[in-house]
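Computation of the quantities below employed the complete heavy-atom set of this structure, encompassing side-chain atoms and omitting hydrogens, waters and symmetry-equivalent molecules.
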Amino acid sequence: MPADLAVIGLGHLGIPLVQAATAAGVRTLGYDPDPRAAADLRAGRLPSGAWDGALTAADLRRMAAGGFRTTTDPTELGRVHTAVICAPTPLGEDGTAALAAVGEAARALAAHLRPHTTVVLESAVYPGTTEEFLRPILEDGSGLRAGRDFHLAYSPGRLDPGNRTYGYANTPKVIGGLTPACTEAAATFYGRLTEKVVRARGPREAETVKVLETNYRHVNIALVNEMAVFCRDLGVDLWDVIRCAETKPFGFQAFRPGPGVGGHGVPMAHAPSGSGSGAPSRADRPGHPGRPGHPGRPGRPGRPGSPLAMVELAQQVNGRMPGYVTRRCAALLNEHGKSARGARVLLLGVSYKPDVGDQEGAPAGEIASRLMDLGAQVSFHDPFVARWRVLGRPVPRADALYEAAAEADLTVLLQHHRTYDLQGLAVKAQLLLDTRGASPAGTAYRL
């Protein structure tokens, strides 16, 4: 049977969308060119890199019962009313989002795109990507024109994996369409899944919402990470400082330090040097009218904006934290008459976020590799991660947590999963370094 929705890309963005859509009674087709992803989902398993930790096999069964099915056949994309591209966009060597997967998804869709379809991009991209990169691929591949023959919009992914308070339904959805009609078409679709839809002026504004939200997080984490080092040098308890500061009812939002920053939302400090497609944008082609629905504001592809100096600095500060944590580990061992060389170090929580197993960008890998370089014997425990590799080698997993903490010369909390009893761990561990400030005061060493 034809589906109402096609989700293209079944990873950390696509799977939550599928779950929300099927829960709302929307018949959903999941498309991924990787046959392993489709096979995993059909077998009740999450594909690698998907939004894990919050979804179970029972959830997948409910999604299937709600009308979800997977395919690797792109011809089926021509039978849907709405298509949402959720392809991954990791940072490239130039520090900007790599658009190869988005391009592949767009070409697969374009070959079978029908008039009146609503196409939405959710991948994290630089402002201008929807118009200057995605739009030409869809138009050239389909012979249709965005804003006239089909609707085109951008909506940033905003989910917080593992968050028990805010999910898809009660997190407002930002939408920016190529034309007002495009915005309304996308708003009509997302209105079936979420309680509130926020209309942006256009796709560039919606894309920039994602940039601002991500950069806001990274800059504030960088500030509090610098404060952690600053306060340690002064002998000040930063955690008590934060506790007091967050009582201010205005002008302050509490962030907490940690061993680094990970996740799929990467900060963007530079504009890309070109449109990313390797071809001139539609606004540069003869006869192209510019940006529909926004007179006087034609696209300006390939013109880099001013670099965001504060974001660049935040990336540098956050990037230094794994090295700082490693030095703290070595110093603690030394203070207790032990050398890092040959020391048994147990790392707790190797994912980038509490209560999920996703390791995208997690600082644990760099910390582990640095400790190994110092000659430490590294093992790990994470209730959401069954296997972990660092520098291409498997890291031993501790199954009996308390016994492993008692045997380790140093236990390091990198991620505070809810299942960790930190008071109990503090009693069992020979030395406990808490990089998250989650343990009771006086029971562990902190950053």
Quick check: do F384 and H417 have side-chain heavy atoms less than 4.5 Å from each other?
yes

Please answer whether the main-chain N or O of L413 pairs with a side-chain N or O of T435 as donor and acceptor at a distance below 3.5 Å. yes

Query raised in the report: Between the side chain of S379 and the main-chain N/O of P396, is any donor-acceptor distance below 3.5 Å?
Result: no

State, with a plain yes or no, whether a side-chain heavy atom of V84 is found less than 4.5 Å away from one of Y190. yes

Separation between CG (D32) and CD1 (I15), nearest 0.5 Å, reads 9.0 Å

*Is it true that a side-chain atom of T22 and a backbone atom of V18 form a donor plus acceptor pair closer than 3.5 Å?*
yes

Looking only at heavy atoms, the pair that brings G9 and C86 closest together is O-CB, 3.7 Å

Review point. Passes side-chain contact (heavy atoms from CB on, under 4.5 Å), D59 versus R62? Steps please.
Key: CA-CA 5 Å; D59 292 323; R62 280 192 288 271; 2.4 Å; yes

*Would you mind reporting whether D4 and F189 have side-chain heavy atoms less than 4.5 Å apart?*
no

Scanning both residues in full, the closest heavy-atom pair of Y154 with P156 reads CE2-N, 3.5 Å

Taken to the nearest 0.5 Å, the spacing of L77 CG from I8 CD1 works out to 5.0 Å

Here the gap from W239 atom CH2 to I242 atom CD1, rounded to the nearest 0.5 Å, amounts to 5.5 Å

Distance col, row L5:CG vs F68:CZ, nearest 0.5 angstrom, shows 9.5 Å

### Query
So, do P354 and H416 sit near enough that their side-chain heavy atoms are less than 4.5 Å apart?
no

**Asked** Can you tell me if N170 uses its side chain to pair, donor with acceptor, with the backbone of G167 under 3.5 Å?
**Response** yes

Heavy-atom nearest pair, P16 first then L159, reads CB-CD1, 3.2 Å

*Got more than 12 heavy atoms from elsewhere within 6.0 Å of CZ, F252?*
yes

Worksheet item: Any sub-3.5 Å donor-acceptor pair from Q415's side-chain atoms to Y352's backbone N or O?
Response: yes

*Between R217 and E213, is there a salt bridge with N-O shorter than 4.0 Å?*
no

Report task. For the residue pair T129 and Y126, establish whether any side-chain heavy-atom pair is separated by less than 4.5 Å. Result -> yes

- Task: Give a yes or no answer on whether the side chain of S123 reaches the backbone of A87 with a donor-acceptor pair at less than 3.5 Å.
- Result: yes

Backbone N or O of A330 within a donor-acceptor pair of the N334 side chain at under 3.5 Å? no

Closest heavy-atom pair, L134 versus A106, reported as atoms and distance to 0.1 Å, is CD1-CB, 3.4 Å

Nearest heavy-atom contact between H112 and P74 is CD2-O, 3.2 Å

Do E132 and R204 sit within salt-bridge range, that is, some charged N less than 4.0 Å from a carboxylate O? yes

Here the salt bridge (charged side-chain N to carboxylate O under 4.0 Å, His left out) pairs for residues 328-342, sequence neighbours left out, are K338-D409

- Task: Please tell me if the side chains of D34 and L10 come closer than 4.5 Å, counting only heavy atoms from C-beta onward.
- Result: no

query: Is the number of heavy atoms from other residues, nucleotides or ligands within 6.0 Å of OH (Y166) greater than 12?
result: no

Q.
One thing to verify: whether R243 and D240 come together as a salt bridge, which I'm taking to mean a side-chain N less than 4.0 angstrom from a carboxylate O.
A. yes

Of all heavy-atom pairs linking L432 and A444, the shortest is O-CB, 3.5 Å

Side-chain donor-acceptor pair under 3.5 Å between T130 and E207, yes or no? yes

*Yes or no on salt bridge (charged side-chain N to carboxylate O under 4.0 Å, His left out) for D373 and R370, after CA distance, side-chain angles and deciding distance?*
CA-CA 5 Å; D373 288 342; R370 286 175 175 269; over 6 Å; no

Quick note, side chain to side chain donor-acceptor pair (under 3.5 Å) partners involving residues 437-447, not counting sequence neighbours, are H336-Y445, D434-S439

Those residues at least two apart in sequence (or on a different chain) that pass side chain to side chain donor-acceptor pair (under 3.5 Å) with Y216 are Q253

Go through it in stages, so that I can follow the logic: the residues are L313 and Q316, the test is side-chain contact (heavy atoms from CB on, under 4.5 Å), and I'd like the CA-CA distance, side-chain angles, deciding distance and then a yes or no.
CA-CA 5 Å; L313 181 58; Q316 294 172 20; 3.9 Å; yes

Per side chain to side chain contact (heavy atoms under 4.5 Å, CB included), L447 is matched among M321, R256, R436 by M321

> Side chain of D355, backbone of R418: donor and acceptor closer than 3.5 Å?
Replying inline: yes

D73-T71 side chain donor-acceptor pair, cut-off 3.5 Å = no

Determine yes or no for a side-chain-to-main-chain donor-acceptor pair under 3.5 angstrom, with K210 supplying the side chain and V125 the backbone. no

Exercise. Starting from the C-alpha separation in whole Å, work towards a yes-or-no answer on side-chain contact (heavy atoms from CB on, under 4.5 Å) for V395 and L347.
Key: CA-CA 10 Å; V395 179; L347 303 180; over 6 Å; no

Please check: side-chain N/O of Q430 versus main-chain N/O of A408, any donor-acceptor pairing under 3.5 Å?
yes

By ring pair (Phe, Tyr, Trp, His ring centres under 6.0 Å), H381 pairs with (sequence neighbours left out) Y420

(Q) Between F255 and L223, does the side-chain contact (heavy atoms from CB on, under 4.5 Å) criterion hold? Intermediate values first, please. (A) CA-CA 9 Å; F255 284 78; L223 171 62; over 6 Å; no

Exercise. Side-chain contact test, heavy atoms from C-beta onward, threshold under 4.5 Å: evaluate it for V120 versus I175 and give yes or no.
Key: no

Between the CG atom in L425 and the CD atom in Q423, the distance rounded to the nearest 0.5 Å is 10.5 Å

Of D160, D382, D358, the one forming a salt bridge (Lys or Arg N to Asp or Glu O under 4.0 Å) with K353 is D160

If we only count heavy atoms from C-beta on, is the V378 to V390 side-chain gap below 4.5 Å? no

With sequence neighbours left out, the residues meeting side chain to side chain contact (heavy atoms under 4.5 Å, CB included) with R393 are M372, L391

Taken to the nearest 0.5 Å, the spacing of L431 CG from L346 CG works out to 12.5 Å

Taken in chain and number order and not counting sequence neighbours, the residues that satisfy salt bridge (charged side-chain N to carboxylate O under 4.0 Å, His left out) with K428 are none

